[in-house]
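Letters A, B, ... are given to chains in the order of the sequence lines, protein chains preceding strands, and every chain is numbered from 1.
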Number of protein chains: 2
Amino acid sequence: MKKGATIRDVAAAAGVSVATVSKYMNGTQRFTPAVEARLKEAVEQLGYRSNPLARSMITGRTHTIGLAILDIRNPHFTNIVKGANRVALQHDYTLLLVDTEESQEREKTLIESLAQRVDGMIVSSRMPDESVQWLLDLGKPVVLFGRSARFSISSVGTDSCLAGYMLANHLVKLGHKRIAYLGFGRSRWNDERIRGIRNCLDEHGLPLDIHETESPSAPAGERACSGLMLGPKRPDAVICYNDLIALGFIKEARELGFSLPHDVSVAGFDNVPYGEYASPALTSVDFQSEKMGELAMTKLINELHGKSEEGAGYSMLDPHLVVRESTVRRGVAEPADDASGADARTRKKASPTQT
Amino acid sequence: MKKGATIRDVAAAAGVSVATVSKYMNGTQRFTPAVEARLKEAVEQLGYRSNPLARSMITGRTHTIGLAILDIRNPHFTNIVKGANRVALQHDYTLLLVDTEESQEREKTLIESLAQRVDGMIVSSRMPDESVQWLLDLGKPVVLFGRSARFSISSVGTDSCLAGYMLANHLVKLGHKRIAYLGFGRSRWNDERIRGIRNCLDEHGLPLDIHETESPSAPAGERACSGLMLGPKRPDAVICYNDLIALGFIKEARELGFSLPHDVSVAGFDNVPYGEYASPALTSVDFQSEKMGELAMTKLINELHGKSEEGAGYSMLDPHLVVRESTVRRGVAEPADDASGADARTRKKASPTQT
DNA sequence: CTGAAAGCGCTAACAA
DNA sequence: TTGTTAGCGCTTTCAG
């Protein structure tokens, strides 16, 4: 643990002033070959690395971006982090990560202290619209996930309503009539998704049965499953608030003795990486989460560099429907597509009676 | 974007000196009620928040921990981050995340600059043992994942060798004779896992067929599958370097027309969250990754607080075998356990002939 | 208990 | 091109 050399040590070793060293380190200026050589030598000799803290204190920029998310374990957010990090790296920014663990109380404190250490922040939150003003008052540029109705804050999001419509439409086309939605009301996008689904179902005069999970996670999906599948209004298709819930739902449904996807089609949102490896592989709507991270970071960095014009305001990414095996034509006992060897299964237990 | 008040503003407002304000903010001292009241008022009035950068410059501590990992998208690392973050938060530290994206070149630069901004680092890396000295020379306390043979650096890991033995033993007990290992040679744990597997197989006079993937990811597992399953030595059980590879392998095997787990048992390491939701649910070895993150952070923070004694050196977590549906007794056509409705499937395609 | 003063390591005018 | 000189906002002796 050797103490790092300071700018003064270098200046002394090279026989120049500290200002010269500073300029050299920052490439702010050109030098006479002689000086440059001595500088280079001295820096290498001493293994000098300029102290970013001292630098930041003066310049007022830390070259750090704060990223606040709800739960790093949710692959949706993991992807966002990945995308944001990649862009940050390209621009020589580092990422200060804050995982609020879905806790509103912690969030405020954490973000407040985060704001002091970074040049700007990207925030994914369930905070109410009122708090957005507070966020802005922190005095740092912010990019938000999801639009704020009230403030013209820079933000990126996806069309959850359209996504909902897409999924509902897909299911209706497959002949489903008893469609249920397994939602997560605390999310700001839940209502949007419902709206999209309803839009579509209304067009076909179909009802929507709405249920609720206590968290946006797979275990929550598992717990909610029996309530739907063994309840009075057993659906023939269910749309889940996100893929994690859908994954849990599927697992539990099979454990209850249902044969999927034939007893019930299931779909989610987010298109998380492991939906593809589940069985039946999960139908979902891809929100391009990694791109969301990239876009948010790009917008923020542009703002930091004064190019506020470029892509300010609200940016929306297109949702893409990804059809896999978990949604299937209603009433088809065996999969139509014989090539997909993964789908053939015989029902082992009688499915519960439909009340 | 209002400029924050400085310590001087508060001092002026409260009619005291900056030193007093500093002591008040840090709770270093007691004050006369009169002064304390004025201080409190002034701080609230101005919404003063002390600048952590300026503070750090003097104290030399940033209250930030650097965490360098290979790929945030690998759930194993995601869990580590989660665990580490939780402990950090408890101790009022924040996390500077670096995702090296499995790139050795980038890693060195990134870690070097990381070292300057943090009080200590937790590093997960494939760097050779030689580089550990370099890491230490950065002058910051470090906790490493995986032991270094040469240096007595603080580190946490799991017994990969034992884990390998466990998995092999599990498969042998199930009657498997033609066992293959689908590895990832660039990892420092690959050899350990092989060693453990071999230890077990040797005891039973069984051979091990070793194959290699190009990355520790699901797509790599998919790509490697046909080489094993359609090759000259088709295995009846395969152990994968990690769960992601196993997940990919399973998916592709089914697409090739195999019926799993009956045609081939598959297992991995890490026990990632989604192995449970795959089908067949993945047998794995749990390395307690979240706990690894917690432990690493705890050790580092202890070191930073001078309690170097407590838990220094190498700590090893116990691996736990998690048996699920993807490993099954050899030669059993249908699952013995009738209760697990998820396993019943008829073979749709003839399985490829065994050469 | 409180304050004055000396910096932490660096950058940014401004001089030379 | 190079050097001088003020600080950035804060903590920390050391007097009072």
With F145(B) via ring pair (Phe, Tyr, Trp, His ring centres under 6.0 Å) - residues at least two apart: none
Distance check needed: dC8(D) P versus I58(A) CD1, whole Å only. 10 Å
Side-chain donor-acceptor contacts of residues 33-45 of chain B below 3.5 Å, not counting sequence neighbours, with atom names and distances?
residue : atom : partner : partner atom : Å
R38(B)  : NE   : A14(B)  : O            : 3.0
R38(B)  : NH2  : A14(B)  : O            : 3.0
R38(B)  : NH2  : G15(B)  : O            : 3.3

Check: protein-nucleotides 14-16 of chain D nitrogen or oxygen pairs below 3.5 Å:
none

Nucleic acid contacts of residues 5-12 of chain B, taken as heavy-atom distances under 4.0 Å to DNA chain D: T6(B), I7(B), R8(B)
How far apart are the closest heavy atoms of A11(A) and S17(A), and which atoms are they? CB-C, 3.8 Å
For F184(A), which residues count as a ring pair (Phe, Tyr, Trp, His ring centres under 6.0 Å) partner, sequence neighbours excluded? Y241(A)
Whole-Å distance separating the CZ atom of R49(B) from the C1' atom of dG9(D): 15 Å
The residue among V132(B), I111(B), L135(B) that forms side chain to side chain contact (heavy atoms under 4.5 Å, CB included) with V142(B) is L135(B)
For L46(B) versus V10(B), what's the shortest heavy-atom pair and its separation? CD2-N, 4.1 Å
Applying salt bridge (charged side-chain N to carboxylate O under 4.0 Å, His left out) as the test, list every pair that has at least one member in residues 101-118 of chain A; sequence neighbours left out. E101(A)-R106(A), E101(A)-K82(B), E101(A)-R86(B), E102(A)-R126(A), E112(A)-R49(B)
With sequence neighbours left out, what residues match H76(A) under ring pair (Phe, Tyr, Trp, His ring centres under 6.0 Å)? none
Quick one: salt bridge (charged side-chain N to carboxylate O under 4.0 Å, His left out) pairs with a partner in residues 18-33 of chain B, sequence neighbours left out? none
Considering residues at least two apart in sequence or located in another chain, which fulfil the ring pair (Phe, Tyr, Trp, His ring centres under 6.0 Å) criterion with Y93(A)? H63(A)
Between which nucleotides of DNA chain C, read 5' to 3', does contact with chain B run, using atoms under 4.0 Å from its heavy atoms? dC1(C) to dG9(C)
How many Å lie between CZ on R38(A) and P on dT1(D), as a whole number? 15 Å
Would you say R55(B) reaches dC10(D)'s phosphate, i.e. side-chain N/O to OP1/OP2 under 4.0 Å? no
For M57(B) and S17(B), find the nucleotide of DNA chain C closest to each by heavy atoms; which residue's nucleotide sits nearer the 5' end? S17(B)
To the nearest 10 degrees, what angle separates the axes at the start and end of the helix from dC1(C)-dG16(D) to dA16(C)-dT1(D), five pairs each? 30°
With sugar-phosphate meaning primed atoms plus P, OP1 and OP2, does V35(A) contact a base, only sugar-phosphate, or nothing at under 4.0 Å between heavy atoms? sugar-phosphate
Over all heavy atoms of both residues, which pair between S315(B) and K299(B) is shortest? Give the atoms and the distance, please. OG-NZ, 2.5 Å
Does D119(B) use its side chain to pair, donor to acceptor, with the backbone of I65(B) at less than 3.5 Å? no
OH of Y24(B) versus C1' of dC10(D): gap in Å, rounded? 17 Å
Have a look at S50(A) and say if it touches a base, only the backbone sugar-phosphate, or nothing, with a 4.0 Å heavy-atom cut-off. sugar-phosphate
Which residues pass the salt bridge (charged side-chain N to carboxylate O under 4.0 Å, His left out) test with R55(A), sequence neighbours left out? none
